[in-house]
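See structure below.
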Amino acid sequence: MATALLSVLGILLCSLLVTSDVVPQDNFNIQAVAGKWYLIGFATNAQWFVDHRASMKMGTAILTPTATGDLDMSYASLRSDASCWRMSHLAKKTDVPGMFVFKSERMDNDNDMRVVDVKYDEYALIYTLTTNGGVSTVLNKLYGRGSQLNPQLLEKFKQFSLENGILPENIAILPQNGECAEA
């Protein structure tokens with residue numbers, strides 16, 4: 001019991017140390033991040049991802065800034081049976097530009113999200129610390145304005161994920177996929 005408790009505390013301490021080092025990009029512009037993005041890279045050590053990684057494919061996200069500075073995020077991914085998986089979140093702004101928080105009712109977790117690197121017409125690298133039941137997990141996503149990014153950006157995403165404690169086998173460049181019809 002004591003060993004398990006120490007292990008959990010060690011994991012939490014490591015995740016807190018990692019989180020404090022991950023800062024949003026300077027001069028973040030919420031209006032410039034608006035629009036359609038393709039989810040190209042996905043990396044996390046979360047068990048649900050390990051269990052479903054083989055079936056995951058590229059999806060899309062529509063990011064819409066609100067009048068109050070929050071960020072409405074709508075995701076869609078075409079399933080193999082031609083149905084669409086959809087999810088939406090309203091990410092609340094914080095005092096730090098490029099840093100947002102939201103609760104996922106579907107996944108039952110709290111999320112601390114940071115836009116750590118973005119070239120608004122090309123790509124966005126987003127770091128999220130998800131917490132459920134006191135256990136925190138890093139989730140990194142790489143988005144592109146188109147469905148393909150250059151190899152240097154894919155490598156940058158992989159390196160960033162490794163630096164944040166994600167195992168190499170849990171870093172995925174998602175295969176291209178059809179798109180869902182507008183909802």
Side-chain angles (χ1 to χ4, degrees), residues 7-8 10-25 28 33 36-63 71 73-80 85 87 89 91 98-102 104 106-133 135-179:
S7 295
V8 169
I11 291 168
L12 288 174
L13 181 59
C14 287
S15 68
L16 290 174
L17 291 173
V18 168
T19 301
S20 64
D21 292 342
V22 178
V23 295
Q25 177 170 303
F28 175 74
V33 82
K36 182 177 182 176
W37 294 88
Y38 291 85
L39 178 58
I40 293 172
F42 201 97
T44 182
N45 291 331
Q47 189 61 48
W48 66 265
F49 175 71
V50 173
D51 294 342
H52 295 96
R53 177 184 170 171
S55 64
M56 289 183 67
K57 293 191 167 120
M58 187 179 294
T60 57
I62 304 294
L63 304 181
L71 192 60
M73 305 179 300
S74 297
Y75 305 97
S77 183
L78 189 62
R79 294 180 175 143
S80 59
W85 175 89
M87 185 167 57
H89 299 296
M99 180 188 248
F100 301 87
V101 294
F102 64 94
S104 172
R106 180 178 283 184
M107 303 298 281
D108 191 31
N109 58 28
D110 294 306
N111 297 270
D112 171 351
M113 182 181 88
R114 299 152 193 229
V115 181
V116 296
D117 189 16
V118 62
K119 185 174 177 188
Y120 300 101
D121 62 347
E122 185 179 5
Y123 72 93
L125 176 57
I126 298 180
Y127 167 97
T128 304
L129 185 68
T130 65
T131 304
N132 182 321
V135 177
S136 296
T137 305
V138 172
L139 167 61
N140 291 329
K141 295 180 182 178
L142 177 64
Y143 291 96
R145 286 294 188 180
S147 61
Q148 295 182 12
L149 290 174
N150 69 55
Q152 293 84 0
L153 288 173
L154 300 179
E155 185 59 32
K156 182 178 193 174
F157 169 70
K158 291 175 184 175
Q159 282 304 121
F160 178 77
S161 296
L162 290 170
E163 290 166 6
N164 283 282
I166 297 173
L167 299 172
E169 62 269 24
N170 294 334
I171 301 170
I173 302 304
L174 301 173
Q176 290 193 9
N177 193 18
E179 293 185 36

Looking at [atom1] of [X] and [atom2] of [Y], how far apart are the two atoms once the value is rounded to the nearest 0.5 Å?
| X | Y | atom1 | atom2 | answer |
| --- | --- | --- | --- | --- |
| Gln148 | Ile173 | CD | CD1 | 12.0 Å |
| Leu139 | Ser161 | CG | OG | 9.0 Å |
| Thr128 | Phe100 | OG1 | CZ | 11.0 Å |
| Met58 | Glu179 | CE | CD | 9.5 Å |
| Trp37 | Lys141 | CH2 | NZ | 13.5 Å |
| Glu122 | Asn150 | CD | CG | 6.0 Å |

Legend entry - From Ile40, Val118, Asp117, Leu154, residue fulfilling side-chain contact (heavy atoms from CB on, under 4.5 Å) relative to Tyr123: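 Running side-chain contact (heavy atoms from CB on, under 4.5 Å) over Ile40, Val118, Asp117, Leu154 with Tyr123 returns exactly one hit, Asp117.
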Are [X] and [Y] side-chain neighbours, meaning at least one heavy-atom pair lies under 4.5 Å?
| X | Y | value |
| --- | --- | --- |
| Lys156 | Leu142 | no |
| Phe28 | Val33 | yes |
| Met113 | Met73 | yes |
| Leu174 | Tyr38 | no |

How close do [X] and [Y] get, heavy atom to heavy atom, and via which atoms?
| X | Y | answer |
| --- | --- | --- |
| Leu167 | Asn45 | N-OD1, 3.0 Å |
| Ile166 | Leu162 | O-CD2, 3.4 Å |
| Ser77 | Asn177 | OG-ND2, 4.0 Å |
| Tyr143 | Ala61 | CE2-CB, 3.8 Å |

Give a yes or no answer on whether the side chain of [X] reaches the backbone of [Y] with a donor-acceptor pair at less than 3.5 Å.
| X | Y | answer |
| --- | --- | --- |
| Thr44 | Val138 | yes |
| Asn140 | Ala43 | no |
| Thr130 | Thr137 | yes |
| Asn164 | Phe160 | yes |
| Arg145 | Lys36 | yes |
| Asn132 | Asp108 | yes |

Legend entry - Residues forming a side-chain hydrogen bond (donor to acceptor under 3.5 Å, both in side chains) with Thr131, sequence neighbours excluded: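 Once residues adjacent in sequence are excluded, the partners of Thr131 under the side-chain hydrogen bond (donor to acceptor under 3.5 Å, both in side chains) criterion are Ser136.
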Legend entry - Partner set under side-chain hydrogen bond (donor to acceptor under 3.5 Å, both in side chains) for Gln176, not counting sequence neighbours: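 Expected list: none.
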Legend entry - All pairs passing ring pair (Phe, Tyr, Trp, His ring centres under 6.0 Å) where residues 40-61 contributes a residue, at least two apart: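 Sorted pair list: Phe42-Trp48, Phe42-Phe49.
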